[in-house]
Amino acid sequence: MNFSYLVSSAFIGTSILFVLPQNLSAQGLSQANQIAKQITVLVDSENGNGSGVIIQKQGNIYTILTAAHVVRKQDDYQIVTSDSQRYQLNQGSVKQLEGVDLAIAEFSSSKNYPVAKIGNSDSSEEGTTAFVAGFPQSTAAISRSIYTFTKGEITANAAQPLKDGYGLVYSNDTLPGMSGGAVLNQNGELIGIHGRADIRDTNIEVSAANPAIAIIKSGFNLGIPINTFIRQSVNVGVNLGISLPEKVASRLTADDFFIRGGKKSENKNYQAAIDDYTQAIKLNSNYEEAYLRRGYNYSLLNNYQKAIADYNTAIKINPNYEEAYIKRGNCYSNLRNVKGAIADYTQAIKINPKNPETYLIRGLAWSQLKDYQKAIADYNQVLQIEKNTRLAAITYGSRGIARFSSGNKQGGLADLKYSDYLFKQLKQTATD
């Protein structure tokens, strides 16, 4: 039986976790969600979907703001509002803003829908709360687009945005289909439009240096600041009654270097990314996310000692930095320090006991030490959280190997067969 696929590169369903910061109550979170839910719309077509935000109402005409790439193609788009009503998007109303990945469009309705309250994206500083709302595309596990609301933090806000206007970076989990959705601050004010993301913490691949250990890859979530739209809104015939001074070109800030580094890393120019993260750190010596990203790029160049040094600094700045422990653990794994990796994964689990991916990689590490009972216990934790996803399929396979290796051949074969069955079901669902 070929077990190689069990830890191969695979997409895993993202778990949305709400961890309330001290300055945000459960009531405040609920209010932000209710605001987001009422102003966020699904932009639907037979060829895919995206998201949008209601920003203006004039009579029966509603204007939505979305990412330009969501409505760039000529298509029969429909707008689905919070009450599940469908309205035809007026294709002739689509107007793209110059030089940025933003567009407006209109639909008509006699019903009364709320419009977004506009915030000041210039004041959205690193560490402040951010919410992202949108409609992820259907997947093998989810048969239709369902409204999704995630919480995170602003990690950078550039003075000089990247190409297409992207200047906000945030830690929220996002998925394809959420492009064009709202980025809100903790007051429920619209501060940006979500547009781009790598899959964050959801790609497991085999480590080239140590094939027994899986790596969780990082992501980079980007949005266009709402002030960018406000400054150009008159050019597309929208007047929200907000005037902003022209943005004066300034020197590159730490956030500018951080965002630029992320783009270079995305293009696999890892050394250039490291140089930009180094500049960000020179301007802000407590920039924990820059240390994390620089460390990750060092690890991509197999310079694990420098990566560990950066993760150490990030953890010193923020002792509860879950991702830094996970990434440092991955470096230890690649250096064959499996016990050190397990210690870091264990610390990450203490910080966030609801992250199934961390249980999986710790289970794989226990298996490498041939401590199959502890590995099985970790795999069981994953399967309590994940059902009928690729992560579950991988975990059944991994548990099957551990059971088989520990002498439980019947249980091991049962898990391996179910893993194979689940992979086939997911593949079939994806092609239906």
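- Under the 3.5 Å distance criterion, the side-chain polar atoms of Asn267 are left unmatched by any main-chain donor or acceptor of Asn269.
- In terms of modelled atom types and a separation under 3.5 Å, the side chain of Tyr170 and the main chain of Gly223 share a donor-acceptor contact.
- In summary, the side chains of Thr253 and Asp256 do present a donor paired with an acceptor at a separation below 3.5 Å, with no hydrogens or angles considered.
- Residues Phe107 and Ser93 have side chains not in contact (no heavy-atom distance under 4.5 Å, counting atoms from C-beta outward).
- A pairwise comparison of heavy atoms in Ala273 and Ser265 identifies CB-N, 3.7 Å as the closest pair.
- For Gln232 (side chain) and Thr228 (main-chain N/O), no donor-acceptor pair under 3.5 Å exists by modelled atom type.
- Listed here is the closest heavy atom pair of Thr358 and Glu322: OG1-OE2, 4.2 Å.
- Side-chain contact check for Ser333 versus Asn337: every heavy-atom pair is 4.5 Å or farther apart.
- For the residue pair Asn318 / Glu288, a side-chain donor-acceptor distance below 3.5 Å is found, with atom types taken as modelled.
- Using a 4.5 Å heavy-atom cutoff, the side chains of Val71 and Val43 are in contact.
- Using a 4.5 Å heavy-atom threshold, the side chains of Ile361 and Glu357 count as separate.
- Neither side chain, Glu98 nor Asn235, offers a donor N or O lying under 3.5 Å from an acceptor on the other.
- Ring centroid separation for the pair Tyr311 and Tyr291 does not come in under the 6.0 Å cut-off.
- The two residues Ile351 and Pro319 make their nearest non-hydrogen contact at CD1-O, 4.1 Å.
- Nearest heavy atom pair, residue Ile259 against residue Ala158, reads CD1-CB, 3.5 Å.
- Here the side chains of Glu323 and Tyr321 are in contact, with some heavy-atom distance below 4.5 Å.
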Next item on the list: Evaluate the criterion side-chain contact (heavy atoms from CB on, under 4.5 Å) for residue pair Ile230 and Leu240; output intermediate values, then yes/no.
Entry: CA-CA 8 Å; Ile230 297 299; Leu240 298 179; 3.8 Å; yes
Next item on the list: Let me see the working for Ser124 and Asn157 under side chain to side chain donor-acceptor pair (under 3.5 Å), right down to the final yes or no.
Entry: CA-CA 7 Å; Ser124 298; Asn157 189 351; 4.9 Å; no
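- Residues Asn388 and Leu422 are in side-chain contact: their nearest non-hydrogen atoms beyond the backbone lie under 4.5 Å apart.
- The distance between the ring centers of Tyr62 and Tyr113 falls below 6.0 angstrom.
- Although no hydrogens or angles enter the test, the distance criterion places a donor-acceptor pair under 3.5 Å between the side chain of Asn352 and the main chain of Lys354.
- Taking the side chain to side chain contact (heavy atoms under 4.5 Å, CB included) definition, one finds that Tyr421 meets it with Tyr418, Gln425, sequence neighbours left out.
- Smallest separation of non-hydrogen atoms from Asp75 and Gln91: O-OE1, 3.3 Å.
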Next item on the list: Show the numbers, then the answer: is there a side chain to side chain donor-acceptor pair (under 3.5 Å) between Tyr287 and Asp255?
Entry: CA-CA 9 Å; Tyr287 206 151; Asp255 283 357; 2.7 Å; yes
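- Using a 4.5 Å heavy-atom threshold, the side chains of Pro136 and Ile146 count as separate.
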Check: Is there a side chain to side chain donor-acceptor pair (under 3.5 Å) between Asn33 and Tyr147 once you walk through the steps?
Finding: CA-CA 11 Å; Asn33 180 35; Tyr147 167 80; 2.8 Å; yes
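- Judged purely by atom type and a 3.5 angstrom limit, Tyr270 has no side-chain atom pairing as donor or acceptor with the backbone of Lys264.
- Between the Gln88 side chain and the Tyr77 main chain, a donor and an acceptor come within less than 3.5 Å of each other.
- Between the side chain of Thr395 and the backbone N or O of Val382 there is no donor-acceptor pair closer than 3.5 Å.
- Using modelled atom types and a 3.5 Å distance limit, the side chains of Asn60 and Ser110 yield no donor-acceptor pair.
- In this structure, Asp164 pairs ionically with Arg196, as a charged nitrogen and a carboxylate oxygen lie closer than 4.0 Å.
- Side-chain N or O atoms of Asn286 include none that pairs as donor or acceptor with a backbone N or O of Ile317 at under 3.5 Å.
- For Glu386 and Thr389, the side-chain atoms include at least one donor-acceptor pair closer than 3.5 Å.
- For the pair Gly180 and Val53, the tightest heavy-atom approach, listed with the atom from each and the gap, is O-CG2, 3.8 Å.
- Remark: the Tyr87 side chain and the Ser109 side chain contain an N/O donor-acceptor pair separated by less than 3.5 Å.
- For Tyr298 and Tyr304, the ring centers sit 6.0 Å or farther from each other.
- Using modelled atom types and a 3.5 Å distance limit, the side chains of Thr81 and Asp83 yield a donor-acceptor pair.
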Next item on the list: Kindly indicate, with the supporting measurements, whether the criterion side chain to side chain donor-acceptor pair (under 3.5 Å) is fulfilled by Tyr325 and Asn330.
Entry: CA-CA 9 Å; Tyr325 285 106; Asn330 290 338; over 6 Å; no
Margin query: Determine whether Leu97 and Phe229 satisfy the following criterion, side-chain contact (heavy atoms from CB on, under 4.5 Å), listing intermediate values before the conclusion.
Written below: CA-CA 8 Å; Leu97 278 74; Phe229 170 73; 3.5 Å; yes
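- Ion pairing between Arg294 and Asp275 fails under the 4.0 Å rule for side-chain N and carboxylate O.
- Between the Thr128 side chain and the Glu125 main chain, a donor and an acceptor come within less than 3.5 Å of each other.
- The closest side-chain donor-acceptor pair between Asp101 and Tyr166 falls under 3.5 angstrom.
- Between Gln347 and Lys350 there is a side-chain heavy-atom pair separated by less than 4.5 Å.
- Using a cut-off of 4.0 Å between Lys/Arg side-chain N and Asp/Glu carboxylate O, Asp76 and Arg86 are scored as not salt-bridged.
- With respect to the salt-bridge test (charged N to carboxylate O, under 4.0 angstrom), the residues Arg293 and Asp310 do not qualify.
- At a cut-off of 3.5 Å, with distance as the only test, a side-chain donor of Asp122 or Asn227 sits close to an acceptor on the other residue.
- A donor-acceptor pair is defined here as one N or O able to donate and one able to accept, closer than 3.5 Å; no such pair exists between the side chain of Gln186 and the backbone of Ala130.
- Taking the ring centre of Tyr296 as origin, the terminal cationic atom of Lys327 falls inside the region bounded by 6.0 Å and 45° from the ring axis.
- Leu283 is linked by a side chain to side chain contact (heavy atoms under 4.5 Å, CB included) to Ala254, Phe257, counting only residues two or more places apart in sequence or in another chain.
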